[in-house]
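Computed from a predicted structure; not experimentally measured. The figures that follow rest on heavy atoms only: side chains count, while hydrogens, waters and symmetry mates do not.
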Amino acid sequence: MGCGVSKFCCGSEPERSNHGVTSSGVGDRIGEGNDLPQFREFSIDTLRKATSGFATENIVSEHGEKAPNVVYKGKLDNQRRIAVKRFNRKAWPDSRQFLEEAKAVGQLRNYRMANLLGCCYEGEERLLVAEFMPNETLAKHLFHWETQPMKWAMRLRVALHIAQALEYCTGKGRALYHDLNAYRILFDDDSNPRLSCFGLMKNSRDGKSYSTNLAFTPPEYLRTGRVTPESVMYSYGTLLLDLLSGKHIPPSHALDLIRDRNIQMLMDSCLEGQFSSSDGTELIRLASRCLQDEPRERPNPKSLVTAMITLQKDLETPSHQLMGLPSSASTTPLSPLGEACLRTDLTAIHEILEKLGYKDDEGAATELSFQMWTNQMQDSLNFKKKGDVAFRHKDFANAAECYSQFIEGGTMVSPTVYARRSLCHLMNDVPQEALNDAMQAQVISPAWHIASYLQAVALSALGQENEAHAALKDGSMLESKRNAL
């Protein structure tokens with residue numbers, strides 16, 4: 001009961017090498033995402049639980065809560081990480097139309113995309129559920145980098161991967177992509193760039209296809225208000241300008257610089273010495289073609305893929321190395337608590353939780369009010385104190401009972417109490433109840449590493465080793481972020 005050897009380990013699966021660059025058969029070359037689940041419908045309760053009640057700490061969209069459609073990160077019961085886009089309540093009044101659009105996008109499966117896993121359309125709620133990409137957006141790495149600017153070889157890889165994603169979508173009858181920009185390009189666990197599936201649906205049934213500044217909008221869209229496959233190529237051209245300059249330059253200004261042969265003003269000074277004159281000229285030529293005023297003169301995705309393949313550099317270097325980011329295959333040193341959870345050493349976990357006490361409840365537990373003077377609050381606190389005494393003396397059955405009475409009192413919410421009761425359940429060999437409590441602790445405190453660690457132990461006890469590995473990795477990541485503050 002006290003100490004065991006876990007079957008799950010801290011290492012990850014071997015890194016999938018998916019920056020291959022042959023020109024034919026995009027879907028066959030990079031896979032159709034067959035390891036992904038089929039598109040499904042989610043309940044609002046499932047997504048509320050996955051996002052810890054749509055907690056502000058889980059918002060990952062560009063403008064946070066101020067955005068009309070907010071994107072949250074979350075985690076399902078099977079530990080799959082997800083991105084949840086919650087639309088404005090009036091965005092899609094017809095639930096059937098929303099479902100039809102979502103289902104069509106949800107049939108796409110490709111490793112160049114952050115794929116759509118499902119949707120929710122209960123009542124007035126309209127949500128999309130996609131794969132979660134943990135390494136942020138192209139905008140972040142290109143415009144707001146902190147440790148190193150993006151290398152030339154990586155910028156070329158981004159351009160190729162996105163062209164391949166657009167070629168795949170076009171081949172599947174989904175050539176229209178709304179508002180392609182640097183915020184729509186995400187980086188996965190191995191820092192490979194992927195195209196967000198969210199851009200394959202408009203932000204509302206009757207909404208605009210472009211939300212960016214009019215200076216970046218295709219000229220024909222300004223005239224007609226309609227997005228066409230050629231409009232997507234124009235947006236791809238603006239993306240190439242971003243990659244060339246490291247800035248979000250209006251196409252008209254960039255084209256003026258190109259016509260005046262003032263290329264040095266256009267190019268990112270951080271790229272000096274990383275590319276040849278011919279390669280720079282070719283990428284500028286491709287951008288210029290995409291930005292033609294006449295839509296018919298723009299290239300199609302297939303020709304862009306062919307052109308981008310010839311420009312690729314450092315093909316054998318993994319994306320995470322080019323980006324200066326850790327690989328999903330790399331092992332992260334674990335803390336003493338992480339090591340104890342890896343070993344399923346319940347005795348060591350107990351010692352750590354006992355020593356920690358209730359320090360992590362600060363800011364997570366609801367504040368006490370004058371109710372603390374009432375008999376109900378006093379009784380509730382007494383149950384908690386009795387539970388703590390039993391927990392300290394390793395009387396786990398009695399501790400679990402006292403903590404349950406404290407929780408049922410409902411006068412105060414404490415993630416630590418749920419964590420302690422979770423460990424009591426593990427000690428008493430009821431891992432499903434332990435998992436439920438660990439997940440509830442994370443609902444209360446979404447960024448709390450201990451909740452993820454205890455989920456890992458419970459999942460391992462339930463024989464769900466892959467899920468346990470994912471939870472352990474999440475716990476280690478959350479703990480590293482916490483220690484960096």
Q442 versus S452, side-chain donor and acceptor atoms under 3.5 Å: yes

Side-chain H-bond candidate by donor/acceptor type, S231 with T228, under 3.5 Å: yes

From CA spacing to verdict: side chain to side chain donor-acceptor pair (under 3.5 Å), T306, S303: CA-CA 5 Å; T306 301; S303 66; over 6 Å; no

Neighbour count above 12 (heavy atom, 6.0 Å) for K247 NZ: yes

Non-hydrogen side-chain atoms of C119 and F42 separated by less than 4.5 Å: no

Closest heavy-atom pair and its distance - F143, G246: CD2-O, 3.3 Å

E230 side chain vs R296 backbone, donor-acceptor pair below 3.5 Å: no

Least distance between heavy atoms, R298 atom then C290 atom: CD-O, 3.2 Å

Within 6.0 Å of CD in E294, more than 12 heavy atoms from elsewhere: yes

Side chain proximity check, T281 to I263, heavy atoms < 4.5 angstrom: no

Side-chain donor-acceptor contact under 3.5 Å, H320 with D190: no

Heavy-atom check, side chain of L435 versus side chain of Q455, under 4.5 Å: yes

Matching residue for R194 among I185, N115, N110, I162 - test: side-chain contact (heavy atoms from CB on, under 4.5 Å): N115

Exercise: identify the closest heavy-atom pair between A102 and L116: O-CD2, 3.4 Å

Spatial distance of atom CE (M150) from atom CG (L156) [nearest 0.5 Å]: 11.0 Å

Atom of Y121, atom of S95 and distance for their closest heavy-atom approach: CD1-CB, 3.8 Å

R112 to Y168, cation-pi by 6.0 Å centre distance and 45° axis angle: no

Closest approach of S422 to A434 (non-hydrogen atoms, all atoms of both residues): OG-O, 2.8 Å

Rounded distance [0.5 Å steps], NE2 in H161 versus CE in M308: 10.5 Å

Stacked cation flag R174 on Y177, 6.0 angstrom / 45 deg: no

Side-chain donor/acceptor of S476 to backbone N/O of L472, under 3.5 Å: no

Sidechain N-carboxylate O distance under 4.0 Å for K151, D314: no

Partners passing ring-ring contact (aromatic ring centres under 6.0 Å, His included) against Y234 (at least two apart in sequence or in another chain): none

Separation between NE2 of H253 and CG of L266, rounded to the nearest 0.5 Å: 8.0 Å

Check: T51 main-chain N/O paired with N58 side-chain donor or acceptor under 3.5 Å: yes

Distance (rounded to the nearest 0.5 Å) between L311 CG and E282 CD: 5.5 Å

N78 versus E467, side-chain donor and acceptor atoms under 3.5 Å: no

Contacts of type side-chain contact (heavy atoms from CB on, under 4.5 Å), residue K85, not counting sequence neighbours: N69, V71, F87, L128, R184, F198, N203

Ion pair K103/E100, N-O distance below 4.0 Å: no

Check: Q440/N436 side-chain N/O donor and acceptor closer than 3.5 Å: no

Spacing of CD belonging to Q148 relative to CG belonging to L322, to within rounding of 0.5 Å: 9.0 Å

Aromatic plane relationship, F187 with H141 - under 30° parallel, 30 to 60° tilted, over 60° perpendicular: perpendicular

Inter-residue atom distance L166.CG - L304.CG, 0.5 Å rounding: 8.0 Å

Electrostatic pair R226-E220, nearest N-O below 4.0 angstrom: no

Greater than 12 external heavy atoms within 6.0 Å of R261's CZ: no

Over all atoms of both residues, closest heavy-atom pair of T217 and Y221: CG2-CD2, 3.3 Å

E57 side chain vs P446 backbone, donor-acceptor pair below 3.5 Å: no

Side chains of D242 and L138 in contact at under 4.5 Å (non-hydrogen atoms): no

